[in-house]
Amino acid sequence: MYRIRNDTPLKDIPGPWFASCSPLYRFWYAVCRSNYHHDLTNLHRKYGNIVRIAPNEVSIWDPEVVSEIYSHGDQTYPKCDMYDIALPNGYFNLAVERNIPVHAAGRRAIAKDYSMTATLKNEQYFDAVINDFVTALDKNFAQTGKKCNFTVWSEYFTYDMITDLVFGESFGFCKAARDVEGGLRDLRQMLNLSPFLSYLPWIWPITQMEIIKKSGMKYYARCIQREITKRVDQGNFSGRNDLLQGLFDSRYQDGHALPLGEITNHAYIFILAAPDTASVALRNIIINLCRTPAVYKELMESLVNLNTAKPTWNDLSKIPLLMAVVKETLRLHPPAGFSLPRAVPTGGRTVCDKFLPENTTVGMSAWCVHANKEFWGEDTLEFKPERWMDPTQAYKLERYGMTFGQGSRACLGKNIALVQLVKVTAQILLNFEFGLLNEEKIKEVFLLLVVVDGLDVWFKRRPGGPLDDTVGTEKTPLSTFV
Ligand code: HEM
């Protein structure tokens, strides 16, 4: 233990003694306590900008360092071996590839389909899935008065959304009002295991096959395979330019198409990266709106003043507060709770005045970076959407914020996430009144993602809203609509 702790240039970096000797320290906090996002932030409060959190790993919370570690091109630090746990099939895997030029070429081949312009070409499909969701909330909860388990329903929505965008047809959780074939339940079991597998990686080769066989990946593997085979055998008859079609049509710079194994990997990553993050975000948006009535009221008034039941993205962009609510929620409750670890490049680097030898693992958790009061100010832990409406502050928040990562490995689906969250929030507000039930049951759990569990919500049709069939009658005169 003495040698593990001291036979390294990391020996002078502050941190808990046990953490510097053994990975079991982190295992206890990240896996057993499930509160690692806050525990790590507290370590920074105690030890400062850079903390040794494992024998070969440091955590940093100084936003000024973001551009050193998460930069572009050859300058960026590569991902570390923690990412190797993800589904190896021998083909390029965008999210876990560690070779910088290989990653850059693979990302460049498909990136055009994820710009804001490309995303908005699919706006009608966002609308259709949101319509299914709103209809289902109305039928199952607003009309029945039953409480909605929003933890589960936000997942139905985001899984329907991503499967619709990728395959041109959703898996239909909202319409079925249930977890079709238990796929979501099994995926949750997989998520529960993810900190265990990530922080005790040597367990992975032993358990991998069994876990995949039993987990929700089996359900999704079957669905993904079925959709890809269908596309290969029958072509794209719908004529719809979904993301899968985009992958088939993409070309590397030298003109070669993506092999099927690579297309399969992309589909897996979308199913793994998109719905859980977005559903957690949606849960937090609902919680924040319920807990800040002044923001709720102002937003509601702006939406009603648009005077349309189906505002487009263009309409909604006239309400800066709406995007601000979404971004502020993502800032205060970043769905990715782990520290986006990277490996220090060849030759080592000096960071926060400390020399880090090559291959040291270094990471910056969004939870820590966003909690740094010295950089952001005393109110950084308060929900204040208005900070995004001041251009100077907004620039700083975009430049140093870590919710979607930064640099060449930043989230590819950021625009998809923002469009779906802004549009679905608007539709929930326009159609329903809602509130939290059993608030004491709501809890955050660190599972690499920071998941919000136990969220029960009541819904009622909003008087004067699009679903209110008494609009125009004596009970709800038209004047309440504006
Ligand atoms: C609120 C929703 C989302 C959040 C907070 C989020 C967050 C992140 C973060 C933090 C990373 C960087 C991971 C790292 O550096 O280790 C990332 C990467 C990625 N995300 Fe997202 N994500 C969201 C939604 C989506 C969606 C909707 C998609 C897909 C359509 C997506 C696809 C990806 C992909 C493919 C990567 C890997 C990019 C690369 O390595 O080049 N994400 N995301």
Side-chain angles (χ1 to χ4, degrees), residues 37 66 69-72 76-86 92-100 102-111 113-115 118-119 122 126 129 154 157-167 194 198 242-244 246-247 262 265-285 326-327 329-343 361-367 369-370 401-422 424-425 448-452:
H37 52 307
V66 165
I69 296 171
Y70 305 91
S71 62
H72 289 274
T76 196
Y77 289 25
K79 287 194 171 181
C80 71
D81 56 6
M82 189 186 104
Y83 290 86
D84 289 350
I85 64 165
F92 171 74
N93 184 319
L94 179 71
V96 302
E97 177 59 56
R98 289 204 267 152
N99 180 302
I100 293 172
V102 172
H103 168 266
R107 181 160 168 143
R108 208 176 304 120
I110 63 166
D113 287 337
Y114 303 86
S115 67
T119 301
N122 284 324
F126 283 88
V129 178
S154 56
F157 165 64
T158 52
Y159 274 90
D160 274 359
M161 180 59 85
I162 196 66
T163 50
D164 187 88
L165 293 176
V166 175
F167 301 120
S194 56
S198 304
D242 54 37
L243 296 178
L244 184 59
L247 294 173
E262 186 172 329
N265 278 348
H266 284 313
Y268 266 110
I269 291 300
F270 295 156
I271 302 287
L272 285 176
D276 284 332
T277 43
S279 67
V280 168
L282 182 56
R283 281 170 239 169
N284 280 314
I285 290 170
V326 170
K327 287 191 172 174
T329 300
L330 287 165
R331 183 192 72 84
L332 209 50
H333 312 272
F338 67 113
S339 62
L340 313 186
R342 302 294 190 257
T361 302
V362 52
M364 299 184 72
S365 146
W367 284 81
V369 172
H370 300 176
M402 286 296 288
T403 298
F404 290 100
Q406 288 280 358
S408 53
R409 305 305 292 255
C411 178
L412 186 71
K414 179 177 177 182
N415 294 320
I416 292 178
L418 291 177
V419 169
Q420 74 169 311
L421 289 171
V422 163
V424 75
T425 303
L448 298 190
L449 298 188
V450 178
V451 170
V452 175

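Each ligand, and each atom within it, is numbered from 1 in the order the structure gives.
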Participant: Please output the residues near ligand 1 using a strict heavy-atom distance under 4.0 Å, listed in chain and residue-number order.
Facilitator: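 Lining ligand 1: K79, Y83, L94, A95, H103, R107, I162, I269, F270, A273, A274, T277, A278, L330, P335, L340, R342, T403, F404, G405, R409, A410, C411, L412, G413, I416, A417.
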Participant: So, using salt bridge (charged side-chain N to carboxylate O under 4.0 Å, His left out) as the criterion, who are the partners of K327 when residues are at least two apart?
Facilitator: E398
Participant: Decide yes or no on ring pair (Phe, Tyr, Trp, His ring centres under 6.0 Å) for F270 and F167, but give the supporting numbers first.
Facilitator: CA-CA 11 Å; F270 295 156; F167 301 120; 9.3 Å; no
Participant: About how many Å separate CD1 of I69 and CZ of R342, when rounded to the nearest 0.5 Å?
Facilitator: 9.0 Å
Participant: List the atom of T329, the atom of I285, and the distance in Å for their closest heavy-atom pair.
Facilitator: CG2-N, 3.5 Å
Participant: Just one of R409, E97, K79 clears the side chain to side chain donor-acceptor pair (under 3.5 Å) bar with H103, so which one?
Facilitator: R409
Participant: Ignoring hydrogens and geometry, is there a side-chain-to-backbone donor-acceptor pair from T119 to N415 under 3.5 Å?
Facilitator: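 Side chain of T119 to backbone of N415: no pair is present.
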